[in-house]
Amino acid sequence: IYEPGLEAMLKRNPAVKPEEADTTTVGIVLQPSFLGGFQASIDWYDIQISGAIAQLTAQQLVDGCAVLGDQTLCQYVIRSGNPQTGPIERIDSLFINLAEQIMEGIDVELSYRRPVTLLGGGAESIGARVFGSRLLHNSTQNRGAALDERVGQISILGLPKNKATAILTYTNGPYSGTVIGRYIGGGILDRTLVESDVPLRNPTTGATITTIDDNTVGSVFYTDLTLGWRPESIEGLHVYGTVTNLLDRAPPMAPSAIG
């Protein structure tokens, strides 16, 4: 395990090469004639990056070498004595080319808008939009190493599997009000750790397995509010105020170490 007191060198890498990416996207949009103002869309995307450029932290380099068995990363973990088992002297953290990075997911959007008569006083309308995304893959793979899937990991270099945003807007003449709900799905803290409240050992090698008491990160829902005014006498002027996290929800605990 990397200890913060050890030396970590941030270095340039003249050998790094440009990354190349292939992106495939397929989508469909529906606007049914029998339901005016309604629209739905769904998109699937697949992004494959060859030679993806990344700068891993000292802990990620140690984990990749010692835990995930990625020998291409062991050259950046400088040890004294035995290069495989000796104590760590220094970590060289520099930009490197990962062999491959893949991101795949699905995005869905629903929207609806129509005029209404509720309070009077001006032209009124309501609008609703819902965005949802499902991340299917967020993986990297170095040459000679196993696939490292990060989907669902919330901490460093990770993304939640599920995210959604709902927007409800009401307008009355020059006035408008918008309520936004933002959902961020839960996940795990670190894919390299085993959740256990008792010490564990590898049954084959007898080596100690790095464990964590609770490897989960909870989901969270935030609410935002925006009030706006567009004075008719001044074209192009929009005055608005926004309160982010209206209900003062605390984010879920997701501690991490940088080094």
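Quick caveat: nothing in here was measured; it's all calculated off a predicted structure. One-based numbering along the sequence shown.
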Within a 6.0 Å radius of atom CZ on F221, are there more than 12 heavy atoms belonging to other residues, nucleotides or ligands?
yes

Taking atom CG of D22 as the centre, report whether more than 12 heavy atoms of other residues, nucleotides or ligands fall under 6.0 Å from it.
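Incorrect, the count does not exceed 12.
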
My understanding is that only one of D224, N245, T165 makes a side-chain hydrogen bond (donor to acceptor under 3.5 Å, both in side chains) with R182; could you say which?
D224

Are any side-chain N or O atoms of [X] and backbone N or O atoms of [Y], one a donor and one an acceptor, separated by less than 3.5 Å?
| X | Y | result |
| --- | --- | --- |
| Q48 | A21 | no |
| N215 | D190 | yes |
| Q39 | Q31 | no |
| N172 | G122 | yes |

Is the ring pair F38/Y112 parallel, tilted or perpendicular, if the boundaries are 30 and 60 degrees?
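Because their plane-to-plane angle lies in the 30° to 60° range, the rings of F38 and Y112 count as tilted.
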
Between S176 and Y170, is the side chain to side chain contact (heavy atoms under 4.5 Å, CB included) condition met? List the steps.
CA-CA 6 Å; S176 64; Y170 167 76; over 6 Å; no

Would you say the side chain of R134 lies within less than 4.5 Å of the side chain of K161, judging by non-hydrogen atoms?
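Side-chain contact under 4.5 Å: yes.
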
Y45 side chain near I106 side chain, heavy-atom distance below 4.5 Å:
no

ILVMFWY cluster, L227 and V243 together (side-chain gap under 4.5 Å)
yes

Is there a salt bridge (Lys or Arg N to Asp or Glu O under 4.0 Å) between R129 and E109? Walk through the geometry before answering.
CA-CA 7 Å; R129 300 181 71 184; E109 178 181 353; 2.6 Å; yes

When rounded to the nearest 0.5 Å, the distance separating CG of N97 from CD of E20 is 10.0 Å

What's the spacing between I180 CD1 and F131 CZ if we round to 0.5 Å?
9.5 Å

Of E104, Q101, Q153, the residue whose pairing with N138 passes side chain to side chain contact (heavy atoms under 4.5 Å, CB included):
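Answer to the side chain to side chain contact (heavy atoms under 4.5 Å, CB included) test with N138 among E104, Q101, Q153: Q101.
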
Show the nearest heavy-atom pair for residues [X] and [Y], with the distance to one decimal.
| X | Y | result |
| --- | --- | --- |
| E19 | I53 | OE1-N, 2.7 Å |
| L61 | S93 | CD1-CA, 4.0 Å |
| D213 | D197 | OD1-CA, 3.7 Å |
| S125 | T171 | OG-OG1, 2.6 Å |

Could you tell me whether E149 and R191 make a salt bridge, using a distance below 4.0 angstrom between a side-chain N and a carboxylate O?
no

Show your reasoning for whether side-chain hydrogen bond (donor to acceptor under 3.5 Å, both in side chains) applies to T242 and T226.
CA-CA 4 Å; T242 298; T226 297; 3.0 Å; yes

Determine whether T140 and R150 satisfy the following criterion, side-chain hydrogen bond (donor to acceptor under 3.5 Å, both in side chains), listing intermediate values before the conclusion.
CA-CA 8 Å; T140 59; R150 294 188 175 98; 3.0 Å; yes

